2 protein chains.
Amino acid sequence: MTKLPHDHGEHPEDIIPLFENGEHFLMLSELFRQFSDGNRIRLFWILCHCEECVINLSAMMNMSSPAISHHLKQLKSAGLITGRRNGKEVYYRAADTPVVKALHDAIRELSELSCPGGCLIPEEKK
Amino acid sequence: MTKLPHDHGEHPEDIIPLFENGEHFLMLSELFRQFSDGNRIRLFWILCHCEECVINLSAMMNMSSPAISHHLKQLKSAGLITGRRNGKEVYYRAADTPVVKALHDAIRELSELSCPGGCLIPEEKK
DNA sequence: TAAACAATTAAACAATCGTTTAATTGTTAT
DNA sequence: ATAACAATTAAACGATTGTTTAATTGTTTA
């Protein structure tokens, strides 16, 4: 255990080692960073509930397709969505992984807490 | 229901309204943004498990106190931590709210998924 | 009061981020 | 091949972010 400048008489021994693994938190932050932009959460949330092409996503989000492409690329390289080409179009949807499920549930829970009974309508109905 | 450029024959009617409430996702993104920085997640995680002064947090995180103060200010204005002055020092800890509990659990779950049985040691022992 | 320590604030800086516009690649149909 | 459409990439831009250094505000003690 590293000695701290001030001794406030707390810190059970087994908590100290926790404070040293910075890389792990960096890894987590790369996940959370995906949702630090409102448009990107919304895009992810849409793709949790349907599979769509870029043009339609642009229309839903009221954004240009390069902008959508840019966000899709980030979500994809974070492993949160997948894309499959079908003819001229590429269909995107949320990846089927435990991390994606956990993030979906976190969004739903935080939504429910900050806007009880309300903002994410389709989820509540089930 | 707004008509989309391409009709892929999906989208049950009750999913459509969901795609229009952008402000709600913006609100969520302000929460997630707090954790888009590795140092800030780590700081929050520490403060979920103990109450500490800025000097000790600086030592734990190996960062300057202005840098720590800066992150504390953000976490505080997001409602995630509280601070109380005691003499020359100010002690910070995680706020006691449902949102904080949900975020704590999300961090723990994502940690467990990406590093099974391992990285956040003290939490696993209970 | 003055000195010492804790914490915050201010100013400056490089780095990152989200969006736009324009150009490019990939695919299908004529 | 050519034209039309979907999607991505590239370059540029303003805006935001995290850190540093220096100055300032609070509080205690000598």
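Model, not experiment: these values are computed from the prediction. Convention: sequence-line order gives letters A, B, ...; per-chain numbering from 1.
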Enquirer: For the pair B:K101 and B:D96, find out whether any cationic side-chain nitrogen is under 4.0 Å from an anionic carboxylate oxygen.
Expert: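 A salt bridge is present here (some side-chain N lies under 4.0 Å from a carboxylate O).
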Enquirer: For DNA chain D, just give me the dot-bracket, please: Watson-Crick or G-U, both distances below 3.5 Å, ( ) intra-strand, [ ] crossing earlier pairs, | paired with another strand, . unpaired.
Expert: ||||||||||||||||||||||||||||||
Enquirer: Throw together a table of side-chain donor-acceptor distances under 3.5 angstrom for residues 81-90 of chain A, partners on residues two or more places apart or in other chains.
Expert:
residue, atom, partner, partner atom, Å
A:R84, NE, A:E51, OE2, 3.0
A:R84, NH2, A:E51, OE1, 2.9
A:R85, NH1, A:G87, O, 3.3
A:R85, NH1, A:K88, O, 3.4
A:E89, OE1, A:Y91, OH, 2.8
A:E89, OE1, B:H8, NE2, 2.9
A:E89, OE2, B:H6, ND1, 2.7

Enquirer: Report, as yes or no, whether the 6.0 Å neighbourhood of atom CG on B:D105 holds more than 12 heavy atoms from other residues, nucleotides or ligands.
Expert: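 Buried by this count: over 12 neighbours within 6.0 Å.
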Enquirer: Please name the pair of heavy atoms, one in B:C115 and one in A:H24, separated by the smallest distance, quoted to 0.1 Å.
Expert: CB-CE1, 4.0 Å
Enquirer: Taking B:S69 for its side chain and B:P66 for its backbone only, find out whether a donor-acceptor pair lies under 3.5 Å.
Expert: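 Checked: no pair found.
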Enquirer: On DNA chain D, compare the nucleotides closest to A:P66 and B:H6; which residue's is nearer the 5' end?
Expert: B:H6
Enquirer: Would a hydrophobic clustering, with Ile, Leu, Val, Met, Phe, Trp and Tyr connected at side-chain separations under 4.5 Å, put B:F25 with A:L113?
Expert: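 Hydrophobic grouping puts B:F25 with A:L113.
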Enquirer: Hey, quick one: are A:M27 and B:I107 part of the same hydrophobic cluster, counting side-chain heavy atoms closer than 4.5 Å, chains of contacts allowed?
Expert: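 A:M27 and B:I107: separate clusters.
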Enquirer: Can you list, by residue number, the residues of residues 78-90 of chain A that have a non-hydrogen atom closer than 4.0 angstrom to DNA chain C?
Expert: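 Of all residues in residues 78-90 of chain A, the ones placing a heavy atom under 4.0 Å from DNA chain C are A:R85, A:G87, A:K88.
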Enquirer: Just how far is it from atom CD1 of A:I68 to atom CD of A:E52, taken to the nearest 0.5 Å?
Expert: 11.5 Å
Enquirer: Can B:I55 be reached from B:L43 by stepping across I, L, V, M, F, W or Y side chains whose heavy atoms are under 4.5 Å apart?
Expert: no
Enquirer: Heavy atoms of chain B, cut-off under 4.0 Å: which first and last nucleotide of DNA chain C, 5' to 3', fall inside that, if you could look?
Expert: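 So the outermost contacting nucleotides come out as C:dC5 to C:dT9.
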Enquirer: Between CD of A:Q74 and CD of A:E30, what distance do you get to the nearest 0.5 Å?
Expert: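 Result: 11.5 Å between the selected atoms.
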Enquirer: Find which nucleotide of DNA chain C each of A:A67 and B:I55 is nearest to by heavy atoms, and output the residue with the more 5' nucleotide.
Expert: B:I55
Enquirer: Using side chain to side chain contact (heavy atoms under 4.5 Å, CB included) as the criterion, list what pairs up with B:S65, not counting sequence neighbours.
Expert: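 Result, side chain to side chain contact (heavy atoms under 4.5 Å, CB included) vs B:S65: B:V54, B:S58.
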Enquirer: If I compare all heavy atoms of A:F35 with all of A:L75, which pair ends up nearest, and what's the gap?
Expert: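 Reported closest heavy-atom pair: CE2-CD2, 4.4 Å.
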Enquirer: Starting from A:M63, can I reach A:M60 by hopping between I/L/V/M/F/W/Y residues whose side chains sit under 4.5 Å apart?
Expert: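 They do share one cluster, since a chain of ILVMFWY contacts under 4.5 Å joins A:M60 to A:M63.
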Enquirer: Output a table of nitrogen or oxygen pairs between the protein and nucleotides 13-18 of chain D separated by less than 3.5 Å.
Expert:
residue, atom, partner, partner atom, Å
D:dT17, OP1, B:R33, NH1, 3.3
D:dG18, OP1, B:R40, NH1, 3.2
D:dG18, OP1, B:R40, NH2, 3.0
D:dG18, OP2, B:R40, NH1, 3.2
D:dG18, OP2, B:Q74, NE2, 3.4

